[in-house]
Amino acid sequence: NGVGCVARHNLLHDAPHHAMDFGGNDHLVELNEIHDVCTETDDAGAIYTGRDWTVRGTVIKHNFWHDIGGSAHVGNQAIYVDDTACGITSIGNVILRVYRGFLIGGGRENVLDGNYIVDCKIPIHIDNRGLSWAGRGTENWGTLTSRLKDVPYQQEPWKSRFPELLTVMDDEPGAPKG
């Protein structure tokens with residue numbers, strides 16, 4: 001959590017749940033190897049963030065994700081951007097033998113570029129849950145709007161760094177865009 005954290009050149013393995021769970025902004029996760037995590041969970045990710053429109057600017061690049069475990073009832077993923085989280089960029093990752101490579105659960109401005117996804121039942125899942133079961137009137141919606149109000153997104157440096165937040169409530173906020 002916070003701003004500008006770096007996770008680089010780590011080996012993360014043999015964990016029952018996530019290897020990393022993040023909030024905040026502008027983190028860098030690069031050149032790590034992550035395997036044999038999420039071994040006792042379902043609907044989890046080796047790296048996870050969710051339910052926050054303000055968690056932007058994180059770059060996940062050039063990591064090697066493989067053999068992520070767990071149940072296939074719902075399934076686990078290497079990179080999980082959950083419940084309309086926004087602004088995460090994933091570049092040049094190698095994902096091998098994972099139920100889902102990516103799960104992008106709604107959200108905006110999430111970018112996948114140049115990733116290699118091999119031997120995954122579902123390489124990429126992208127949906128529009130902010131317009132359905134996770135939309136207005138739900139607990140998820142309450143969390144999203146509360147977290148938006150918790151940051152001074154209409155003031156500097158927020159309004160210059162993340163101008164998309166200035167109009168998010170006026171631009172179909174549940175719709176996945178960008």
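Atom set for the values below is all heavy atoms of this structure, side chains included, hydrogens, waters and symmetry mates excluded.
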Arg108 side chain vs Ala175 backbone, donor-acceptor pair below 3.5 Å: yes
Note: Arg136 and Pro173 closest approach over all heavy atoms is NH2-CG, 3.4 Å
Any heavy-atom pair between the side chains of Thr89 and Glu109 that's under 4.5 Å? no
Q) Near Glu33 CD, under 6.0 Å, is it more than 12 heavy atoms from other residues, nucleotides or ligands? A) yes
key: Polar side-chain atom of Thr39 near backbone of Ala15 as donor-acceptor pair, under 3.5 Å   = yes
Q.
Tell me if a side-chain donor or acceptor on Asn128 pairs with a main-chain N or O of Pro176 at a distance below 3.5 Å.
A. no
### Task
State, without any angle test, whether Arg51 and Asn140 hold a side-chain donor-acceptor pair at a distance under 3.5 Å.
yes
Separation between NE2 (His13) and NE2 (His35), nearest 0.5 Å, reads 5.0 Å
Notebook entry, point to check: Got a donor-acceptor contact below 3.5 angstrom from the Ser160 side chain to the Pro157 backbone?
Noted result: no
For Trp141 and Gly130, the nearest pair of non-hydrogen atoms, with its separation, is CZ3-O, 4.3 Å
Separation between OG1 (Thr145) and CG (Asp150), nearest 0.5 Å, reads 9.5 Å
Notebook entry, point to check: Counting distance only, does the side-chain N/O of Asp42 pair as donor-acceptor with the main-chain N or O of Val74 below 3.5 Å?
Noted result: yes
Given the options Tyr80, Phe22, Phe102, Tyr48 meets ring-ring contact (aromatic ring centres under 6.0 Å, His included) only with Tyr80
**OP:** For atom CD of Glu139, decide whether the heavy atoms of other residues, nucleotides or ligands shown that lie under 6.0 angstrom number more than 12.
**Re:** no
Legend entry - N/O donor-acceptor pair under 3.5 Å between Asn25 side chain and Thr54 backbone: yes
Q. Can you check whether Val98's main-chain N or O pairs, donor with acceptor, with Asp67's side chain at less than 3.5 Å?
A. no
dist Ile95:CD1 -> Ser90:OG (nearest 0.5 Å) comes out at 7.5 Å
Taking every heavy atom of Ala46 against every heavy atom of Ile68, the minimum-distance pair comes out as CB-CD1, 3.8 Å
Discussion item. If we count only N and O atoms by modelled type, under 3.5 Å, do the side chains of His125 and Asp127 hold a donor and an acceptor together?
Written reply: yes
With heavy-atom distances below 4.5 Å as the criterion, would you say the side chains of Val94 and Val118 are in contact? no
Paired with Arg129, the side-chain hydrogen bond (donor to acceptor under 3.5 Å, both in side chains) test is passed by just one of Thr138, Thr84, Asp83, namely Asp83
Neighbour count >12 (heavy atoms, 6.0 Å) for atom NZ, Lys177:
yes
I'd like to know if the side chain of Asn76 reaches the main chain of Cys38, judged simply by a donor and an acceptor atom lying under 3.5 Å from each other, with no hydrogens or angles considered. yes
